[in-house]
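Since we're looking at a predicted model, the values are computed, not measured. Just follow the structure's listing: the first ligand is 1, and inside any ligand the first atom is 1.
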Amino acid sequence: MTDKTILRALRGEALPTPPVWMMRQAGRYLPEYRATRAQAGDFLSLCYNPDLAAEVTLQPIRRYGFDAAILFADILLLPQALGMDLWFETGEGPRLSTVTTPAGLAALKAAGDVHDRLAPIYETVRILSRELPRETTLIGFAGAPWTVATYMIAGRGTRDQGPAHALKSTDRATFAGIIDLLTEATIEYLSAQVDAGAEVIKLFDSWAGSLKGQDFEDFAVAPAARIIAALRARHPGLPIIAFPREAGEGYIGFARKTGADCVAIDNSVSADWAARHVQVDGCVQGNLDPRHMVTGGEALVKATRDVVRAFSGGPHIFNLGHGITPDADPENVALMVETIRRG
Ligand code: CP3
């Protein structure tokens, strides 16, 4: 049995001090990240350079001693591996070629053919599993099919995921085909990350909140359940964290319905509510408002303690409700970690 704190929490243990890591912990708020990204040239070159991607993954571990490291990569590398174009516009975010027609879907690669392009990512995982401190858990990840599909259909990030919702109603077969292909490709991608040394898998469904009613069941719950079942069949006992962001009431029962060991909670719901309604089914992760990493001070200390206290009756991994932002102050992250660990 391992003594890694994250794995213990994922097995359902309530620990006296919750383990902690942060979404986007390797990122632009850190000067050492910005320096390594400059050395790589740009963000995508950094993702595909195993030595430098491993380096930026390790930077926040060295600085803060987080209990987990998350592989440095991006959820949009998978559509690129399926044959789509991907680039990042400075200051604006991701851009992709689009897929909205049966012919466009047919032109994509098969799920099993993504590995050549993704080989550098698996190499990053192998380097990390050698170099991480023995107490640090290595988390691999992918985007959930719905969230990745929203970018593939619109060719960019969208406020309300309008283009994906539109395709879902005008050409349901093509939409469902995209979700199916992504589900299969995600199983292949995550399984290869586990083979390379990832100890935990996290599935990011950042736009799950815009799926309502039966759509939430069909396109957030069902694909996650399929991915989790397939991964468990190949890797018995693999711990999995699901993040159906802004699911609201949809968080209730999400772990039971999908088989996830842990549900990550965003900060649009209160920790007390999530303890009552979600932690009853097992481990939860979250959910400090990332704004506190910008504003700091006593409010940060109080909010951190409130999250720890709310979840102290059950298994909990401390995290932010969403990714840390580039304007965050690294000192505030240190204050958060210190507040959690000194109790
Ligand atoms: O958490 C980590 O530190 C691991 C690495 C990671 C990144 N992206 C690196 C990244 C992870 C887990 C992601 C997930 C991701 N990527 C999601 C889901 C989680 C979420 O935030 O909701 C999404 C939707 C994406 C797609 C994406 N990548 C967008 C919309 C952007 C642009 C917005 C932004 O923050 O710049 C990215 C770029 C990106 N991915 C950066 C990083 C560190 C910033 C790139 C840079 O250095 O300029």
Could you tell me whether Y33 and ligand 1 have an N or O pair separated by under 3.5 Å? yes
Identity and distance of the protein heavy atom lying nearest atom 15 (C) of ligand 1: R24 NH2, 3.5 Å
Heavy atoms only: which of V148, L46, I75 is nearest to atom 23 (C) of ligand 1? I75
Using the side chain to side chain donor-acceptor pair (under 3.5 Å) criterion, which residues pair with K257? Sequence neighbours excluded. E217
Could you tell me whether the side chain of D85 and the main chain of L96 form a donor-acceptor pair under 3.5 Å? no
Examine ligand 1 and decide if any of its atoms is less than 4.0 Å from a heavy atom belonging to Y151. yes
Report, in ascending order of atom number, the atoms of ligand 1 lying under 4.0 Å from any heavy atom of L71. 4 (C), 5 (C)
Identify the protein heavy atom lying closest to atom 9 (C) of ligand 1, giving its residue, its atom name and the separation to 0.1 Å. A73 O, 3.4 Å
Identify, for atom 16 (N) of ligand 1, the protein heavy atom at the shortest distance, and state residue, atom and that distance. D74 OD1, 3.0 Å
Which ligand 1 atoms are under 4.0 Å away from a heavy-atom of R37? 46 (C), 47 (O), 48 (O)
Quick check on contacts: which atoms of ligand 1 are under 4.0 angstrom from a heavy atom of A26? 3 (O), 43 (C)
State the atoms of ligand 1, each with its element, that fall below the 4.0 Å cut-off from a heavy-atom position in Q25. 3 (O)
Which of the atoms of ligand 1 are close to F88, meaning less than 4.0 Å from one of its heavy atoms? 28 (N), 31 (C), 37 (C), 38 (C)
Distance filter under 4.0 Å to P94 heavy atoms, resulting ligand 1 atoms: 29 (C), 30 (C), 31 (C), 32 (C)
For P60, state whether at least one heavy atom is located under 4.0 Å from any atom of ligand 1. no
Which ligand 1 atoms does F72 reach within 4.0 Å, using its non-hydrogen atoms? 43 (C)
Which residue from K202, R28, R245 reaches closest to atom 44 (C) of ligand 1 through any of its heavy atoms? R28
Sub-6.0 Å ring centroid separation between F318 and F66: no
Output the list of atoms in ligand 1 that are nearer than 4.0 Å to some heavy atom of H322, sorted by atom number. 20 (C), 21 (O), 22 (O)
Tell me: protein heavy atom nearest atom 18 (C) of ligand 1, and distance? S206 OG, 3.1 Å
Among all protein heavy atoms, pick out the one at the shortest distance from atom 39 (C) of ligand 1; state its residue, atom name and that distance to 0.1 Å. F43 CZ, 3.4 Å
Taking the six-membered ring for Trp, are F243 and H322 parallel (under 30°), tilted (30 to 60°) or perpendicular (over 60°)? tilted
Do D195 and V125 make a side-chain contact, defined as non-hydrogen atoms from C-beta onward lying under 4.5 Å apart? no
min-distance protein heavy atom vs atom 11 (C) of ligand 1 -> F141 CZ, 3.6 Å
Flag the pair P239 / V200 as yes when at least one side-chain heavy-atom distance between them is below 4.5 Å, and no otherwise. yes
CZ of R226: more than 12 outside heavy atoms within 6.0 angstrom? yes
Across all chains, not counting sequence neighbours, the side-chain contact (heavy atoms from CB on, under 4.5 Å) partners of D289 are N267, R291, H292
On a heavy-atom basis, which atom in G140 and which in L71 lie closest, and how many Å separate them? CA-CB, 4.4 Å
Is G323 close enough to touch ligand 1? Criterion: a residue heavy atom under 4.0 Å from a ligand atom. no
May I ask you to decide if W21's main-chain N or O and Q285's side chain share a donor-acceptor pair within less than 3.5 Å? no
Is any side-chain heavy atom of R276 less than 4.5 Å from a side-chain heavy atom of D272? yes
Using side-chain heavy atoms (C-beta onward) and a distance below 4.5 Å, is R305 in contact with K302? no
For T90 and ligand 1, answer yes if some heavy atom of the residue is under 4.0 Å from a ligand atom, otherwise no. no
Within the 4.5 Å heavy-atom criterion, are P315 and L10 side-chain neighbours or not? no
